Each structure stands twice: as structure tokens, then as C-alpha cells.
Amino acid sequence: MSIINPVRVRFAPSPTGYLHIGNARTALFNWLFARHHHGTFILRIEDTDVERSTQESDQLILEDMKWLGLDYDEGPDKGGAFGPYRQSMRLHLYREYAQKLVDAGKAYPCFCTEEELEAEKQKLLAAGRMPVYSGKCRNLSQEEVERRKAAGIPFALRFKVDPWGSVGFQDWVRGEVVFEKQYIGDFVILRSDGIAPYNFAVVIDDALMQITHVIRGEDHISNTPRQLLLYEALGFQPPQFAHLSMILGPDHTRLSKRHGATSVAQYREAGYLPDALINYLALLGWTPESGQEIISREEMIRQFSLKRVSKSAAVFDIMKLNWINGNYIRNEDIKKLTALALPYYQRAGMVSNQPTSEELSKLERVIQVTRGYVETLSQLPEHAWIFYTSRLEWSEEAKEILKTDSARRVIKVLQEELKGIEEITPDTSKNLLAHLKAKTGSGGKNLYLPIRAALTGQTHGPELYQLMDILGKEECLKRLDFALQLAKA
RNA sequence: GGUCCCAUCGUCUAGCGGCCUAGGACAUCGGCCUCUCACGCCGAAAACACGGGUUCGAUUCCCGUUGGGACCA
């Protein structure tokens with residue numbers, strides 16, 4: 001198979017809730033494919049299910065797409081030459097094309113009631129057969145049809161599928177896939193309420209929007225033969241298909257709410273960086289030829305190929321996502337990271353809602369020295385309190401350390417030295433610490449641990465010279481003073 | 001139940017008949033670095049579901065079994 005040019009692909013979510021992580025991956029693969037081939041990426045909202053579709057969800061999806069950085073070239077809030085991009089605004093098109101099929105003798109009205117159909121289905125299911133429509137209304141005479149219509153009996157429109165032969169297609173990730181037509185049966189293309197079912201609406205939309213490649217979840221694979229039949233009946237050129245495997249939870253069932261966070265919004269809340277989430281999602285079912293695990297968008301686009309997409313379902317592994325996210329946190333540009341992390345500090349009350357430039361520059365340094373400890377942005381403030389609190393929490397270990405004479409001497413000498421310098425900078429504090437060794441006669445553990453304990457009340461934490469630099473001269477002296485008092489008691 | 005899809009370390013995967021004593025990554029365990037924690041670095045343990053073929057030779061191709069998943073206006 002070769003790529004049709006120019007490539008036009010779409011992501012078509014239903015606005016029935018938040019953007020699911022699985023859908024996000026589908027969107028990502030479409031986006032990568034489009035960008036790799038310099039094609040067009042389209043967002044289409046499939047909101048024909050009036051019962052479950054909501055405007056809020058519609059909005060949420062647009063926001064999530066934006067946050068993920070999956071920019072589309074055509075879409076509901078973007079416009080384009082093939083709109084409208086919400087199915088609810090395209091209902092007339094479905095009716096028009098359904099009627100065309102009726103006129104061509106390829107579809108017919110069906111008056112069967114839901115109860116009748118359900119009973120029929122249960123009977124077949126009980127007999128261990130595929131629940132295929134019997135075709136009861138297929139051979140109704142013209143007179144009978146007219147009579148029933150005149151009587152006001154509601155009817156759906158069904159597409160004729162002859163039971164012989166098979167429909168197959170070349171799937172980009174699965175290879176050849178074939179379905180027997182006898183198991184398909186005449187299916188509905190327009191319901192009695194005038195709504196087009198999924199299978200019909202997608203075909204009309206994809207055909208009219210000139211979609212060249214349909215990249216979607218594996219759950220749609222059994223819909224594909226019906227759609228192919230429709231393309232043929234309508235005289236449209238069918239697109240090529242690629243069915244992505246499912247994302248599973250740890251128990252190997254489809255990823256759902258009971259497995260924990262499943263929406264993009266939840267991951268955003270929890271402090272994952274969009275780049276990290278994208279990176280992880282890409283690796284879930286695709287491997288770059290280079291084998292890189294941490295890979296930039298540009299590099300992903302450059303290397304993306306449907307041929308390297310995995311056929312088998314993948315278990316969502318939060319541990320690996322965490323590792324990737326931690327990686328991005330450690331390597332992200334500090335200015336950008338600070339902006340991204342700011343809300344978490346504000347919520348923790350460490351930074352004001354209208355931060356001053358001093359606050360921001362301090363925060364930047366705080367993040368710089370603590371980013372190595374965390375895997376998500378939300379964990380960041382937990383490591384920052386020693387820089388913001390006015391009353392340290394002392395661990396027993398730290399108290400213990402200050403009880404020795406040598407420790408107290410170290411603190412006193414440090415105090416004297418500190419008073420002698422103008423202000424603390426990374427350089428001065430580094431120098432100061434170096435000189436301390438000669439001045440106190442202590443070194444290593446006996447030198448640094450007491451200082452750490454005195455300044456933070458803890459035995460673990462970031463590099464001392466950075467610590468002192470961020471705290472500043474006044475705060476350091478205050479804390480040393482307090483530590484000495486504590487040591488005496 | 002029927003149809004369709006899938007099957008390599010716990011997890012994500014590389015592998016497209018000999019390069020495989022099966023490679024990488026996460027997680028796990030051990031060590032190094034270091035005032036400490038974290039980061040980082042080094043190392044260890046860990047898999048081709050099973051049974052038949054095809055072939056000089058199968059993780060790789062075919063069939064079956066088993067297991068898992070998806071779909072069933």
C-alpha cells in the first residue's frame with residue numbers, strides 16, 4: 001500500500017464526557033500521521049447522540065486538544081472548506097444521501113418495531129447465531145409501503161446487504177481483514193426519528209470531507225465492512241484504514257474509571273506535562289525506529305509510521321508515565337516549568353495570586369533545586385515548604401544532630417562568617433562553606449549535617465550552598481539563631 | 001453464544017528464517033557518586049503460551065489448542 005496524497009485524516013470524538021486517554025492516543029496518531037505527511041488534520045465532533053452529548057463536554061474536548069498541543073487544521077472552532085464540523089449540523093446531509101440510496105433501490109423502509117427486532121435478536125442469540133436482521137420488510141410491495149406510510153407507522157431506512165460473498169480490506173496495522181457478508185445483514189442508515197446511526201454518518205462525513213485515512217480504535221473494526229459497502233453503494237472512493245489496538249488497565253480489561261484516572265483532564269490536574277503525556281502515549285503502541293524513549297514532537301513527527309504501530313493491546317503503565325514525566329520536569333526550560341508549576345504553589349499558599357517578580361525569581365530557584373525530587377508538578381510544593389515556612393518542623397534526627405558540641409561550634413562559626421559577608425550568592429555561599437572546614441576543624445558529615453539540620457530542621461534536602469542562596473542572609477541567620485536556642489534546651 | 005482481532009521478561013516493546021547464549025526501557029534488587037535525600041552512572045534477576053507441521057534451520061511462516069480483547073441497529 002502506498003500513501004494517498006495529500007493526506008487528510010480526522011479525529012472524531014463524541015462529546016459525551018471528558019477526553020479519554022485512549023481517544024487522546026487516537027488523536028495523537030492521526031495528528032502524527034498528518035504532520036508526517038504534511039497533510040491535513042481535522043477535528044469533527046460526533047454529537048448526533050442527543051441524549052448523551054453535552055456542550056460542556058464539547059468544550060472540554062477542544063480545551064484538552066489545545067492543552068495536548070494537537071492542533072487541527074479544520075474543526076468546529078476553526079472552520080474549513082468541508083464544514084460544518086459538528087454532526088448535529090449535518091443531519092440534512094445524512095437524510096439526503098439515505099434518500100439517494102432508497103431511490104437507487106439500495107435501501108428500503110423498515111416498519112419493524114423495536115420490540116419485534118429485539119425478540120428476533122434474542123431468538124437468534126439463543127440459537128447461537130449472529131443477530132442479523134431477517135429482512136422482513138425488504139420485500140414489501142410498493143402498495144404496502146405506501147399504505148403503512150399513509151397510516152403514519154414510523155419507519156427506519158435499511159441498507160440492503162446481500163448475504164453472499166465477503167468484504168475485506170487491507171488494514172495498515174493489521175494487514176488483511178475479511179468479513180463474511182452473511183453475518184452483516186440489512187442495517188439501518190436512518191432511524192425512525194430521523195437520526196443517522198454512527199455507521200452511516202461517518203461514511204457520509206468521511207467521504208464528503210475527503211478523508212484519505214481513517215485511523216481509529218480497534219473497537220470500530222467490525223463496523224468497517226458495513227462502511228465499505230456504503231462507500232461502494234454511494235460511489236465514493238473508500239479511505240484506507242488503520243485500527244489501533246485498545247489501551248488496557250492493569251487487569252487487562254479495557255481502561256476504565258475503576259482503574260483510576262482515564263481522562264486527559266485528570267492527568268493535567270495531577271501535574272503531568274502535555275509533552276510528557278504525549279511522549280508516553282506515543283510509546284504506547286508505537287516504537288520509533290531510533291528506539292528513543294524520550295522523544296520530542298518534532299522527532300516523533302519525523303519518524304512516525306503506521307507500519308511500526310503494534311497490533312496487540314497495551315496495558316497503561318502509570319509507572320512509566322511517571323518516569324517520563326519526571327524526565328520532562330528535570331529537563332524542561334526553567335521559565336516554562338515555573339509557569340506550568342505556579343498554580344500548584346499558589347494553591348499551597350506559597351506564592352500569591354499576583355506574584356511579584358521577586359516571588360517568581362525565588363520560585364524559579366526553588367524549583368531548580370527541587371525538580372529532581374518529583375514525578376509530577378503537584379508533588380513540587382511538598383519539597384518547597386522549607387523555603388517558605390516561618391516555623392520549621394524539626395525531625396528528631398535533626399534535633400539529635402545539634403546536641404553535640406562540635407555541631408554547635410559549626411553553627412556559631414557559620415553565623416560569624418555569614419555576618420561578615422554582604423549578601424549570599426551561590427558563589428559566596430560555596431566559598432563560605434569551603435572555608436568553614438579550616439575554621440572549624442570539622443569536615444564531611446560533621447560539618448554539613450549540622451548546618452543542614454539548623455537551616456531546615458531536616459536531614460535530607462537540596463545542596464547546601466543553593467539552599468543558603470535561596471534563603472538569603474537574613475533568613476539563614478534567623479534560623480541559625482533559632483537552632484542554637486533549640487540546641488541549648 | 002456468533003463474528004473479528006491479538007499473543008516475546010511483571011509492564012511497554014525490538015525482532016520481519018540463521019546476526020538470538022532473545023536487545024532496549026519502566027518497575028524490582030545490588031553497587032557507585034554524595035553531608036543527606038533525590039538525580040545520575042554501573043550491574044543483576046526476568047520472556048519467545050502450548051501442540052503439530054513447513055524448512056538444513058524457527059521467536060520469526062502455516063494449522064490447531066489455550067488464553068485475552070473488541071463488536072453484536
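The shown structure was predicted, so the numbers you read here are calculated from the model rather than taken from an experiment. Residue numbers start from 1 in every chain, and the chains themselves are labelled A, B, ... in the order their sequence lines are given, proteins ahead of strands.
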Non-neighbouring partners of A/D193 that pass side-chain contact (heavy atoms from CB on, under 4.5 Å), sequence neighbours left out = A/R191, A/I195

request  = In whole angstrom, give me the gap between the C1' atoms of B/rG40 and B/rA47.
outcome  = 29 Å

query = In whole Å, what is the span from the OH atom of A/Y198 to the P atom of B/rC71?
reply = 12 Å

note = In short, salt bridge (Lys or Arg N to Asp or Glu O under 4.0 Å) pairs touching residues 312-321 of chain A with sequence neighbours left out are A/E293-A/K320

Heteroatom pairs (N/O) under 3.5 angstrom, protein to nucleotides 49-51 of chain B:
none

ask   = Whole Å only: how far is the CG atom of A/D193 from the C1' atom of B/rA73?
value = 12 Å

query = Separation of A/L455 atom CG from B/rC37 atom P, in whole Å?
reply = 18 Å

Please list each protein N or O that sits under 3.5 Å from an N or O in nucleotides 3-7 of chain B, with the distance.
{"residue": "B/rC5", "atom": "O2'", "partner": "A/R174", "partner atom": "NH1", "Å": "2.5"}
{"residue": "B/rC5", "atom": "O2'", "partner": "A/E218", "partner atom": "OE2", "Å": "3.0"}

request  = Mind checking A/R308 for me? I need base, sugar-phosphate or nothing, with any heavy atom below 4.0 Å counting as a touch.
outcome  = sugar-phosphate

ask   = Atom CG of A/L380 to atom P of B/rC37: distance rounded to whole Å?
value = 21 Å

ask   = Could you state the interatomic distance from CD (A/E475) to OG1 (A/T389), rounded to the nearest 0.5 Å?
value = 9.0 Å

request  = Can you tell me the pairing partner of B/rA27 across any strand shown, Watson-Crick or G-U wobble, with both distances under 3.5 angstrom?
outcome  = none

note = The ring-ring contact (aromatic ring centres under 6.0 Å, His included) partners of A/Y94 (sequence neighbours excluded) come to none

ask   = With sequence neighbours left out, what residues match A/H383 under ring-ring contact (aromatic ring centres under 6.0 Å, His included)?
value = A/Y373

ask   = With A/Y272, which residues qualify under ring-ring contact (aromatic ring centres under 6.0 Å, His included), at least two apart?
value = A/Y267

key: Residue pairs passing the side chain to side chain donor-acceptor pair (under 3.5 Å) test where at least one lies in residues 461-473 of chain A, sequence neighbours excluded   = A/R365-A/D469

remark   = When rounded to the nearest 0.5 Å, the distance separating CG of A/L321 from CZ of A/F316 is 4.5 Å

inquiry  = Measuring only the P atom in each nucleotide, how far is B/rU8 from B/rG68? A whole number of Å is fine.
reply    = 15 Å

inquiry  = Let's see if you can work this out: which of B/rA38, B/rG68, B/rC39 has an atom nearest to the side-chain heavy atoms of A/R330?
reply    = B/rC39

ask   = Of the candidate nucleotides B/rA38, B/rA70, B/rU13, which contains the atom at the shortest distance from the side chain of A/A314?
value = B/rU13

Gap in Å between the two P atoms, one belonging to B/rU60 and one to B/rC16, rounded = 13 Å

key: Under 4.0 Å protein heavy-atom contacts per nucleotide of nucleotides 23-35 of chain B, with B for base, S for backbone only and - for none   = -BBS--------B

query = When the distance from NE2 of A/H220 to C1' of B/rA73 is rounded to whole Å, what number comes out?
reply = 14 Å

message = Using the C1' atom as the point on both nucleotides, what is the distance between B/rC12 and B/rA7, in whole Å?
response = 15 Å

request  = Check the pair A/E397 / A/S395 against side-chain hydrogen bond (donor to acceptor under 3.5 Å, both in side chains), numbers first and verdict last.
outcome  = CA-CA 5 Å; A/E397 266 179 295; A/S395 75; 4.8 Å; no

task = Kindly say if A/R254 contacts the phosphate of B/rC71, meaning a side-chain N or O under 4.0 Å from OP1 or OP2.
result = yes

key: P atoms of B/rC42 and B/rC26, separation to the nearest Å   = 11 Å

inquiry  = Once ring-ring contact (aromatic ring centres under 6.0 Å, His included) is applied, do any residues pair with A/H36, and if so which ones, sequence neighbours excluded?
reply    = none

task = Can you tell me, in whole Å, how much space there is between the C1' of B/rU66 and that of B/rG51?
result = 10 Å

ask   = How would you label the contact of A/G217 with the nucleic acid (heavy atoms, under 4.0 Å): base, sugar-phosphate, or nothing?
value = nothing

remark   = All heavy atoms of A/H20 vs all of A/L255, minimum pair found to be NE2-O, 3.3 Å

query = When rounded to the nearest Å, what value does the distance between C1' atoms of B/rC6 and B/rU13 take?
reply = 15 Å

inquiry  = Applying a 4.0 Å non-hydrogen cut-off, can you work out what A/V315 is touching in the nucleic acid: base, sugar-phosphate, or nothing?
reply    = sugar-phosphate

request  = Return the set of residues passing side-chain contact (heavy atoms from CB on, under 4.5 Å) with A/H92 (not counting sequence neighbours), or none when no residue passes.
outcome  = none

query = Which part of the nucleic acid, if any, lies within reach of A/S245 when heavy atoms closer than 4.0 Å are counted: base, sugar-phosphate only, or nothing?
reply = nothing

request  = Could you state the atom-to-atom distance from CG of A/L255 to P of B/rU11 in whole Å?
outcome  = 16 Å

query = Which pairs with one or both residues in residues 173-184 of chain A pass salt bridge (Lys or Arg N to Asp or Glu O under 4.0 Å), sequence neighbours excluded?
reply = A/R174-A/E218

request  = Select from A/V309 and A/R158 the residue whose nearest nucleotide in RNA chain B is closer to the 5' end of that strand.
outcome  = A/V309

request  = Specify the separation, in whole Å, of atom CG of A/D171 and atom P of B/rA70.
outcome  = 18 Å

task = Figure out the CD/C1' separation between A/Q466 and B/rA38, and round it to whole Å.
result = 12 Å

query = Considering only the P atoms, how many Å lie between B/rC5 and B/rC61, rounded to the nearest integer?
reply = 16 Å

